[in-house]
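Here's the structure we're looking at; comments come further down.
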Amino acid sequence: MMDKVYLDNAATTRVDSEVLKAMEPYFTKDFGNMASLHSCGREAEHAVEKARRDISKKVNGKDHKLVFTSGGTESNNFTLKGVAFANRDKGKHIITTKIEHECILNAAKWLEKQGFDVTYLPVNKEGFVELDVFSDAIRKDTVLASIIHANNEIGTIEPIRELGKIAHDHNVLLHTDACQSFTKVPIDLKKDNIDLMTINSPKIHGPKGAGGLFIRQGVKMEPLLHGGGQEFGYRSGTVNVSGIVGFAKAVDIMKDKHLKHMEKIRDMLIDGATDIPESWLNGPRGKDRLANNAHFSFRHIEGESLIVHLDLKGIAASTGSACSSKSLEPSHVLMAIGLQPEDAHGSIRFSVGKENTKEEIEYTLRSLHEAVETLRKMSPLK
Amino acid sequence: MMDKVYLDNAATTRVDSEVLKAMEPYFTKDFGNMASLHSCGREAEHAVEKARRDISKKVNGKDHKLVFTSGGTESNNFTLKGVAFANRDKGKHIITTKIEHECILNAAKWLEKQGFDVTYLPVNKEGFVELDVFSDAIRKDTVLASIIHANNEIGTIEPIRELGKIAHDHNVLLHTDACQSFTKVPIDLKKDNIDLMTINSPKIHGPKGAGGLFIRQGVKMEPLLHGGGQEFGYRSGTVNVSGIVGFAKAVDIMKDKHLKHMEKIRDMLIDGATDIPESWLNGPRGKDRLANNAHFSFRHIEGESLIVHLDLKGIAASTGSACSSKSLEPSHVLMAIGLQPEDAHGSIRFSVGKENTKEEIEYTLRSLHEAVETLRKMSPLK
Amino acid sequence: MGLGYTEKVMEHFKSPHNMGEIKNPDGVGKVGNPVCGDVMKIYIKVRRYKGKEVIGDIKFQTYGCVSAIATTSMMTKLAKGKDLDAALKISRNDVANALGGLPPIKMHCSHLATEALEAAIKDYRKTGKKKAK
Amino acid sequence: MGLGYTEKVMEHFKSPHNMGEIKNPDGVGKVGNPVCGDVMKIYIKVRRYKGKEVIGDIKFQTYGCVSAIATTSMMTKLAKGKDLDAALKISRNDVANALGGLPPIKMHCSHLATEALEAAIKDYRKTGKKKAK
Ligand SMILES: Cc1ncc(COP(=O)(O)O)c(C=O)c1O
Ligand SMILES: Cc1ncc(COP(=O)(O)O)c(C=O)c1O
């Protein structure tokens, strides 16, 4: 048995040792409050402003302000509620999709209770939002469209540039949740027609508790966290200096070679797992798939049991099975791409990281074959 | 000249080395997502649940759930907005005070824009909310009173138990912002009649990016961050494991002897600074004053200049001067206790920490005397 | 959330008791629905012992989560050798307790396990009785 | 936010030029209001040089923030030796620029400094003229 094979990098990642090293001075040495008048906060301020510039540069963020937050959930809630409340006079209609992360969906549902109107766009079998479906959904009173950049379950990368073009042609703001794609998919905020974009540190070997929202200059928003006026007044609260410094370091050390490596072992996984009878890959293949995502369905078995079997062999993965969720509902994403509930239950996501080796993938495939066989032997379904 | 004398511990504190050590495993080893099915997240989960129990124990939190957040600002926004929106059918009136932190005040102002009604209670010259003033302000439609536990500028500790009794007699929920007082003032959530309480890690040698809200079982609240349903559904988002572990460690290592030490050097500061002519202490003396707070006004000089003079001598403090704030308004707290604006401008807060020495305080007093003299010599006011 | 399963649950999941099929069963019960993510199938052989009808052999097949598998395994262990009336008295709490408890959200699994046994006994009483000796 | 002050501002704050009072000034100007946190007082001595009225000596007293102190100091430095008309042409931008710039929120301080000088010159022209030789 191998030591530990971590294949749940879409959930969260190990903090890179370089990242931790970069953070350390800001805990015990330059720990000052950025908002202070005295020089003790000045090092902290410089570090945060450098982080802001460095991260912005990665996505051509010249026309945007990067506002640091506590993570993806906060950035997404801030976007939906902030834009909706600030633009009530312009319109009360928001468009999003059926395959968003729960934080978008549940914030949208809350807005519906406050009198806003939300359209949840369907997607096709591979998880793509179709352009004409989007443009048909736009109304005169639509103020915002929030469309996930790359899906966290099945890895589909949406055609954000084209969607953004349509949004802008109709004078609608475009937000994209790039928690999964940031640093993995090239993004140019200007060319890609993105007004607002959510990014997240713990998905890219940065610390938990840090995230961000890019806001195009001129976009009207109300804060979600009111208070002392930090972060240009968009997001109050003591600035998490070490978290931000770690986030920027994590962005900095992500290199093309890591992406190439992830794609290679992802494809090993895809080839090896779909060798199992009555199994298939969910989401697209090739360049429209997230570099680190492999998502499968296996007929006649249930995901939680499969996950736990793998866990007993030291392999960490995740499932869209109902049994794994508090609601006992199968994944809304798998339902949206048209899977039958019984097939959704037998689904599993592997998300690779730069640290995974070929040997780990081979071991995982052997274990997966065994586990599926064991569970199928136990299953009354044929 | 001394090396660096940090006397701005009410703004933020150095992360204790023991705290950092406790956090480290959760960056690179037990970094798993608490919400995961696989065992990789289990260590993280145990650590967070232990932190929750340990912190709760400090304040007799048996009837409360401790929900972890990103800090004081989030907890306070969550409280005001969460209780207001969830209890709209019961009433739309909220009571708070004129001496709250900006995050309470600005969240309250935002609620006013949404159709809620807010009363801002006055305080007396020492910063105390008077009991009859509070009970007179309660109306039939009052749902929540939010009263700061210990004021961050002038250190006044409010009579929270009596205020809570009055609130409960009128069926009003009591929230208290204990960002400054937690671990410095004994708190018993049950006996003190507290329904909701905000706590904050970076004020007590814990990491930035962590805070909490105690919520009494049965209190109706809407989440501020909707999403995956973490933290009992009250606060979604990937849980900041290292931050929470650090927070709990910081609580754990705060001992009585530290408080005694802080009180002693605080009183040295008070005695030494009020020797300066035309100067005085703001806030009360004795047991109703925060152990680490000393706040002074000096006639005929302006706070920013004083702070910078001290900074040039390596001493970090803070000011309620208008010039230091973005709005160019003098501190709302100093206005509320009845200072003249010109006196508010000449105010300065020293907040000591467990690490400060007697020698540092002596050096600070010498430097303070000099700086005040220099600035007064320059001043046209007499 | 982690899993919150006890050691006992994990034991039964890893090495289930009485897993498989009985070739010519006296009774078969099947409950659950693949749409919901749980299906349990119970096979029994009944024999007479001291004038009573006793579960001589029992096997199960389960499609479902860890707790579905562990509860059917434990249920078969509890039922084996019991006379039918005693077997019918095995409650869902008996199964859960024998496993050292189940996470609240998974309690329905133990319910399904006892239902499957009931269905098998009913099936035997209706159709299998003639075959049993 | 830190302070955002330039080196030059800090120099003038630490060692202000022309700080103090003039015993028998030819003109005095005072602007600002303690309620707002800034008061500046300028004293001038005027002398004749090549047929012009020139600022022979200038001193200031300032109550205010770092930038209030630095701008009055710099303003007196710029004004000293200038004839009155030239001195009146010192703009707030001249003062700010000579300091290497000011944080936007502190620009009003340089405005106050030039206003104080104007007030002193006006005072001289109205009341002090007779005294000056
Ligand atoms: C696409 C997407 N959006 C948002 C989030 C929420 O991020 P966090 O849990 O860090 O707040 C996640 C993380 O699971 C995600 O994958
Ligand atoms: C009394 C009080 N409440 C709330 C806060 C806000 O805390 P944070 O900035 O960590 O969100 C502070 C910190 O300045 C405070 O002193």
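- Looking at A:L224, both its backbone and its side chain come within 4.5 Å of chain B, counting heavy atoms on both sides.
- A:K29 places no side-chain N or O within 3.5 Å of a backbone atom of B:R14 that could act as its donor or acceptor partner.
- For a residue to count as touching a neighbouring chain, one of its non-hydrogen atoms must lie under 4.5 Å from one of that chain's; by this rule B:V19 does not touch chain A.
- Of the listed residues B:A317, B:G233, B:G71, the one with more heavy-atom pairs under 4.5 angstrom with chain A than any other is B:A317.
- Looking at A:F85, the atoms closer than 4.5 Å to chain B (heavy atoms on both sides) all sit in the side chain, from C-beta outward.
- Aromatic ring pairs are classed by plane angle as parallel below 30°, tilted from 30° to 60° and perpendicular above 60°; the pair A:Y6 and B:F31 is perpendicular.
- The heavy-atom pair separating B:N240 from A:K208 by the smallest distance is OD1-O, 3.7 Å.
- Note: A:L20 leads A:I307, A:T238, A:L20, A:D30 in heavy-atom pairs under 4.5 Å with chain B.
- Among the candidates A:S242, A:S17, A:G237, the residue making the largest number of heavy-atom pairs closer than 4.5 Å to chain B is A:G237.
- Shown are A:T13, A:T12, A:D8; of these, the side chain to side chain contact (heavy atoms under 4.5 Å, CB included) with B:N33 is made only by A:T12.
- What you find for B:T28 and A:V15 is that their closest heavy atoms are CG2-O, 3.1 Å.
- Heavy-atom distances place both the backbone and the side chain of A:S236 under 4.5 Å from chain B.
- Contacts of A:A108 with chain B are absent, with no heavy-atom separation under 4.5 Å from either backbone or side chain.
- Between A:E24 and B:E24, the closest side-chain pair of non-hydrogen atoms falls below 4.5 Å.
- Checked by atom type, the side-chain pair B:K81/A:H226 shows a donor-acceptor distance below 3.5 Å.
- With a threshold of 4.5 angstrom between heavy atoms, A:N106 approaches chain B through its backbone and through its side chain.
- Across all their heavy atoms, A:S70 and B:E74 have their closest contact at OG-OE1, 4.4 Å.
- Side-chain contact check for B:N76 versus A:L225: every heavy-atom pair is 4.5 Å or farther apart.
- Counting heavy-atom pairs closer than 4.5 Å to chain B, the top residue among A:G209, A:P223, A:A316 is A:A316.
- For A:K4, the part sitting under 4.5 Å from any heavy atom of chain B is the side chain, from C-beta outward, and nothing else.
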